[in-house]
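Inspection log for the structure reproduced underneath, given as C-alpha cells.
Chain letters run A, B, ... following the sequence lines, proteins first, then strands; residues in each count from 1.
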2 protein chains.
Amino acid sequence: MAQNLRHDEILKIARDLGKVTVDGLSREFEVTAQTIRRDLTELCDMGHLTRVHGGAIPPSSVINPGYEERSLLAVHEKEAMAQLCASKIPDGASLFLNIGTTTEAVARALLNHKNLMVITNNFNVAKILSTSPHSEVIVTGGVLRRSDGGLVGDVATEIIRQFRVDYAVIGIAAIADDGMLLEHDFREVRVTQAIIENARQAFLVADEIKFNRRAPVRIASLADMDAFFTDKAPPARLQKLCDDHEVAVHIAK
Amino acid sequence: MAQNLRHDEILKIARDLGKVTVDGLSREFEVTAQTIRRDLTELCDMGHLTRVHGGAIPPSSVINPGYEERSLLAVHEKEAMAQLCASKIPDGASLFLNIGTTTEAVARALLNHKNLMVITNNFNVAKILSTSPHSEVIVTGGVLRRSDGGLVGDVATEIIRQFRVDYAVIGIAAIADDGMLLEHDFREVRVTQAIIENARQAFLVADEIKFNRRAPVRIASLADMDAFFTDKAPPARLQKLCDDHEVAVHIAK
DNA sequence: CCCATAACGAACAATTTCGAACATAGAGCA
DNA sequence: TGCTCTATGTTCGAAATTGTTCGTTATGGG
C-alpha cells in the first residue's frame, strides 16, 4: 500500500472545500490530469471519496449522513428476507415494527400492501411508509436517536400497550448460541418486550451476521417467536431450538 | 448513482434556504439553465428534492401533496418570517414546534443553531432537524397524518407536560378578527394549548393568508402570545390587540 | 377569458472527461 | 552496467456532460 504523497493533501482539500476537481488538482500539484485521475481512483477504491465526473466529493456527505454504510451491509440478503417476511403478512393486517435496519427493509417490502396499520418506534420506518397512501402509520414518541432513527423512551411502551395487533416484526442486534435475542441499548428492552406481548404472532427477522455478534442486553428468546426469517441456515443448536418450540424457520433464497 | 459535482452543493443550498431557483443556481455555478434543470431532475428522481416551477424545494413534505404545488413566492415569504423568528431564538434553547408548514420553515431556519432541544408533534419538523447533528429532537407519538405530517393523538399532551421549555413556536390555520387563533382539527386543541402552557414564551408565526381564512376550532388568543411573526402588517384591530397586550409584532422584510 | 412571458423538456451538436494502453524516466539493487 | 519496479506522461477512442435550439407548457396580468 504505497501511500501517495498527494493523497493526504487531496483528502484535506476535499474535506475543506467539499469537493475537488481533476483540473484544479492537476494545476495545484503540477502533474497531468491522468495522474490525478489515478489518485482519485485509488482514494475512491479505499472509500475515502466518491468519484464524480470532473472530480470527487467526500462520500455521501449530504445524501445520507453516516447511516448508509451500515445499511449497505448485505443489502440483497436483507432485501430477500424482507420480501419473504412481507409475503407472510396479509393486506389489512395490523403490525408493530421495531428499531433496526432490517425492519426498515421490511417496511419497504410492505409498501405495496393495502390497508395496513403499522405502529413503530422506528422513525425511518415511519418515513418510508408515510409515502404509501394505503396504510395508517402510528409513531411512538421519544427522543430521536440520529444514529439509527430509533425513538427511545418509555412513552413508547404506553402507546404500544394500547394496541393488540396481528404481527410483531422484530429486528435485533444479535442472537446468542442459546437463542437469546440481544440488543445494545437497555432502553429498548421494555419497548420490544411490549411489542412482543401485544402481538398475536411474533416474527423475528435477522440475517446471518447476527449469529456471530454480541450485544449486552437480553430482550427475549428465539423460542418465544412464531417465525424466524433469515438468509442462511442457522447453526444446528438454534435450528433445534426452533424445532422444539415450533418456530417456523424461513430461509430466503 | 449519477452523482454530480454540483448535486451535493445544490442540496446544501436547498436545505439552508428552503428552496433553489434554476436561475440562481445557473448563475452560481456558471452553467446554463438547462444544465441546472437536468441536475434538479436527477435530484428529484432520487427523491432528494421536489420540483416546482422555477426551481425546487426540499421534500420536507413528500407527505403533503398540496404543498408541493405552491409557488416559490409563498415559500420565500414564509422563509423570511421563519428566519426572523429563528433569529430570536438563541443557541442552546429548548422549544416546542407544532403542526404546520410554517413551523417546518422555522425548523429549516434553525438548522444552523447549536444545542437546541426541540420537542415536536410535526413529523416533517423532526425529519428536517434530524439532519442537523447539533440538536436533540424529541417527537410526540400519535397517528401520522399524511396531509401535513402531523402526529395526532392524546399522548402528545402527556409528553409535552413533561417539559418546561423556553419557547413555543406556534403555527395555526387562521386568525379571526378578534385575535382568536383557529385550527381545523379539534384534536390539536389540547396539544397546542399544552404547548403554550408549558413554554416560558409563545411565538406565533403566521403569514398574511391566515388573516383572511376561517377555521372552526378555537385554540387560544393572539393576546396570549409573547411575539407575533408575520410577513405583512396585520389589520388595525389585531395590531391594537397586540399593543394592548404587549405582544411584540415582527414583520419580515 | 386571452395573451405575453418565462420555464420546461427533447433532440442534437460541441466540448470535456474518462480510462486503457503504451512510452518514458528515475530509483533501487545485484 | 543492466535489470526491474513504480510513478508519471502521452495518445486516442469512447463515454459523459454541457450548450444550443426549438416547440410545448405553465403562470401571471390585463
(message) With heavy-atom distances below 4.5 Å as the criterion, would you say the side chains of B:His134 and B:Leu116 are in contact?
(response) no
(message) Can you classify the ring geometry of B:Phe211 versus B:Phe228 as parallel (below 30°), tilted (30 to 60°) or perpendicular (above 60°)?
(response) perpendicular
(message) Any salt bridge linking A:Asp8 with A:Lys12? Criterion: basic side-chain nitrogen under 4.0 Å from a carboxylate oxygen.
(response) no
Counting N and O atoms only, with roles assigned by atom type, does the side chain of [X] sit under 3.5 Å from a partner on the main chain of [Y], one being a donor and the other an acceptor?
X        : Y        : value
B:Asn122 : B:Gly100 : yes
A:Thr120 : A:Leu97  : yes
B:Arg237 : B:Asp178 : no
A:Asn115 : A:Asp91  : no

(request) Please round to 10 degrees the angle between the axis of the first five pairs and the axis of the last five pairs in the helix from C:dC1-D:dG30 to C:dA30-D:dT1. (result)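 What I find for the helix from C:dC1-D:dG30 to C:dA30-D:dT1 is an axis angle of 40°.
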(request) Can you see which heavy atom on B:Val247 is nearest to which on B:Leu222, and at what distance? (result) CG2-O, 3.6 Å
(request) Check B:Lys127 against A:Phe123 and note the closest heavy-atom contact, atom names and distance. (result) N-CZ, 3.6 Å
Rounded to whole Å, how long is the line connecting atom [atom1] of [X] with atom [atom2] of [N]?
X       : N      : atom1 : atom2 : result
A:Glu42 : D:dT6  : CD    : P     : 12 Å
B:Leu5  : D:dA16 : CG    : P     : 16 Å
A:Asp39 : C:dC18 : CG    : P     : 13 Å
B:Arg6  : D:dG19 : CZ    : C1'   : 12 Å
A:Lys19 : C:dT17 : NZ    : C1'   : 16 Å
B:Leu40 : D:dT18 : CG    : P     : 13 Å

Pick out the pairs of N or O atoms, protein on one side and nucleotides 5-7 of chain C on the other, that lie under 3.5 Å.
residue	atom	partner	partner atom	Å
C:dA7	O4'	B:His53	NE2	3.4
C:dA7	O3'	B:Gly54	N	3.4

Pairs: protein N or O with nucleotides 10-13 of chain D N or O, under 3.5 Å:
none

(request) Report yes if at least one side-chain N or O of B:Asn4 is closer than 4.0 Å to OP1 or OP2 of D:dT18; otherwise report no. (result)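 B:Asn4 to D:dT18 OP1/OP2: side-chain N or O found under 4.0 Å.
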(request) First locate atom CG of A:Leu25, then atom CD1 of A:Ile13, and finally report the distance between them rounded to the nearest 0.5 Å. (result) 5.5 Å
(message) Under a plain distance cut-off of 3.5 Å, with no hydrogens placed, do A:Arg37 and A:Gln34 share a side-chain donor-acceptor pair?
(response) yes
